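Data first, discussion second: the structure below is written as structure tokens.
Keep in mind it's a predicted model, so treat the numbers as computed, not measured. When a ligand or atom number is given, it counts from 1 through the structure's own listing order.
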Amino acid sequence: MYWLDWLDWMYFFKWYFILIQIVLIFITAIMFSSENLAKEIRGKKILLVTAHPDDEVMFFTPFLNYFRGENITLLCLSNGNSAGLGKIREKELEKAAKMFDIKGLEIIDKENLQDGMDKNWQTNEIITTVMKVVESFQPNAIITFDIAGVSRHPNHVAIRRAIAFLKTKHSKVVKDVGFWELESTGLIRKYIGFADVLFSSRSQYAVLSPSPILAWKAMSTHHSQFVWYRKLFVVFSRYIYMNTFRKF
Ligand SMILES: *[C@@H]1O[C@H](CO)[C@@H](O)[C@H](O)[C@H]1NC(C)=O
Ligand SMILES: [Zn+2]
């Protein structure tokens with residue numbers, strides 16, 4: 001017994017192709033958003049500020065891939081020593097940075113900026129640390145988390161809060177610097193992978209990365225961290241496929 005005769009097949013294909021067309025429209029919209037962002041930061045000096053080794057892969061892979069070759073400095077405010085693996089994780093981060101052709105890498109290991117959900121990073125400590133790099137690298141753009149910090153990790157949140165203060169406190173020094181935050185999404189969008197193009201296409205500044213393979217490879221350099229739930233993250237999270245940004 002055949003469940004589908006050819007009319008059913010035609011019906012199926014019709015909807016299938018309509019769906020593909022809709023997805024293509026959303027992808028095109030995102031490509032325009034990438035151009036918006038590229039117009040503002042391409043050829044300039046970009047400072048990416050993260051909290052832990054592996055943040056750059058877990059959350060910023062589409063960005064780093066899209067702007068590969070640009071003059072990017074990654075400032076990672078801790079060496080991720082919460083389980084005593086700090087020295088190992090520094091080496092892992094160096095490898096990941098090389099994969100993305102990141103030009104400058106600064107890994108901070110300060111007593112007051114240690115990795116941990118229970119570690120309270122003081123705003124002034126972050127400002128001082130970031131300003132040191134700002135003064136030497138003189139970036140045109142600073143990219144970091146938003147106030148929800150993707151996962152609400154207190155260290156991520158503290159960075160965004162501090163950089164907003166930095167912006168007012170050192171307004172003269174950073175007057176020509178553009179500030180961008182990585183947009184955090186709700187739980188459902190966070191884990192629908194590439195399907196989030198449907199929502200991300202509304203963003204004014206977005207970048208796309210069509211395959212999780214690159215992030216998988218980059219996470220493999222963070223060997224000590226690449227446990228099963230981070231593997232699931234690399235396959236299912238929209239942050240592996242796309243980044244959307246807001247100015248702040
Ligand atoms: C990136 O910018 C820094 C700081 O101005 C500069 O010293 C360095 O040569 C630049 N690197 C590249 C690859 O353009
Ligand atoms: Zn982190």
Side-chain angles (χ1 to χ4, degrees), residues 38 41-64 67-83 85-86 88-90 92-93 96-110 113-121 126 129-163 173-174 176-178 181-185 190 215 218-219 221-227 229-234 237 239-240 243:
I41 66 176
R42 185 168 283 152
K44 301 198 171 152
K45 287 182 284 181
I46 303 163
L47 176 63
L48 173 62
V49 186
T50 61
H52 315 109
D54 80 7
D55 286 347
E56 81 293 347
V57 181
M58 302 261 289
F59 312 126
F60 291 96
T61 286
F63 174 79
L64 289 171
F67 291 104
R68 183 189 293 269
E70 297 294 327
N71 197 345
I72 299 177
T73 286
L74 170 59
L75 168 60
C76 185
L77 288 177
S78 83
N79 67 357
N81 198 33
S82 61
L85 297 172
I88 292 170
R89 296 189 67 184
E90 285 179 22
E92 292 173 345
L93 179 52
K98 213 168 258 161
M99 265 197 69
F100 286 112
D101 192 20
I102 290 173
K103 311 288 185 214
L105 175 62
E106 298 271 348
I107 309 172
I108 306 299
D109 182 13
K110 279 189 180 169
L113 299 176
Q114 285 297 313
D115 174 16
M117 302 283 274
D118 57 344
K119 296 284 192 293
N120 181 19
W121 290 10
I126 298 175
T129 311
V130 174
M131 276 313 285
K132 230 174 131 187
V133 177
V134 167
E135 273 154 12
S136 63
F137 181 54
Q138 303 192 330
N140 309 104
I142 296 180
I143 317 259
T144 192
F145 296 108
D146 70 0
I147 205 69
V150 178
S151 56
R152 301 195 181 276
H153 193 299
N155 303 157
H156 300 180
V157 173
I159 292 179
R160 168 59 178 73
R161 190 187 304 128
I163 290 185
V173 183
V174 298
D176 296 323
V177 179
E181 59 181 11
L182 177 71
E183 185 188 6
S184 299
T185 65
K190 188 173 177 183
M219 263 317 277
T221 68
H222 290 286
H223 189 70
S224 72
Q225 305 303 304
F226 205 22
V227 292
Y229 56 87
R230 292 207 178 84
K231 289 181 176 159
L232 285 180
F233 185 94
V234 165
S237 177
Y239 293 94
I240 298 300
N243 289 149

(message) Please compare Ile72, Asn140, Asn71 and report which has the shortest non-hydrogen distance to atom 6 (C) of ligand 1.
(response) Asn71
(message) Would you say atom 2 (O) of ligand 1 makes contact with the protein, given that contact here means a non-hydrogen protein atom less than 4.0 Å away?
(response) yes
(message) As a test of understanding, state which of Ile126, Thr73, Thr129, Ile142 forms a side chain to side chain contact (heavy atoms under 4.5 Å, CB included) with Val49.
(response) Ile142
(request) Find the distance between CZ (Arg89) and CG (Asn79) and round it off to the nearest 0.5 Å. (result) 8.0 Å
(request) For the pair Glu70 (side chain) and Gly43 (backbone), establish whether a donor and an acceptor sit closer than 3.5 Å, ignoring hydrogens and angles. (result) yes
(request) Could you pull out the atom name of the N/O/S atom in Asp55 that is nearest the Zn ion (ligand 2)? (result) OD1
(request) Using 2.8 Å as a strict upper limit, say whether an N, O or S atom of His156 approaches the Zn ion (ligand 2) that closely. (result) yes
(request) For ligand 1, note which part of Gln138 has a heavy atom under 4.0 Å away: side chain, backbone, both or neither. (result) neither
(message) Between Phe59 and His156, is there a side-chain heavy-atom distance shorter than 4.5 Å?
(response) yes
(message) Going by ring pair (Phe, Tyr, Trp, His ring centres under 6.0 Å), Phe60 matches just one of Phe67, Tyr239, Phe145. Which one?
(response) Phe145
(request) Mark whether atom 9 (O) of ligand 1 lies under 4.0 angstrom from at least one protein heavy atom. (result) no
(message) Checking a contact table here: which protein heavy atom is nearest atom 5 (O) of ligand 1, and how many Å away?
(response) Lys45 NZ, 3.0 Å
(request) Among the N/O/S atoms of His52, select the one at the shortest distance from the Zn ion (ligand 2) and name it. (result) ND1
(request) With the side chain counted from C-beta on, respond yes when Phe226 and Asp54 share a heavy-atom pair under 4.5 Å apart, and no when they do not. (result) no
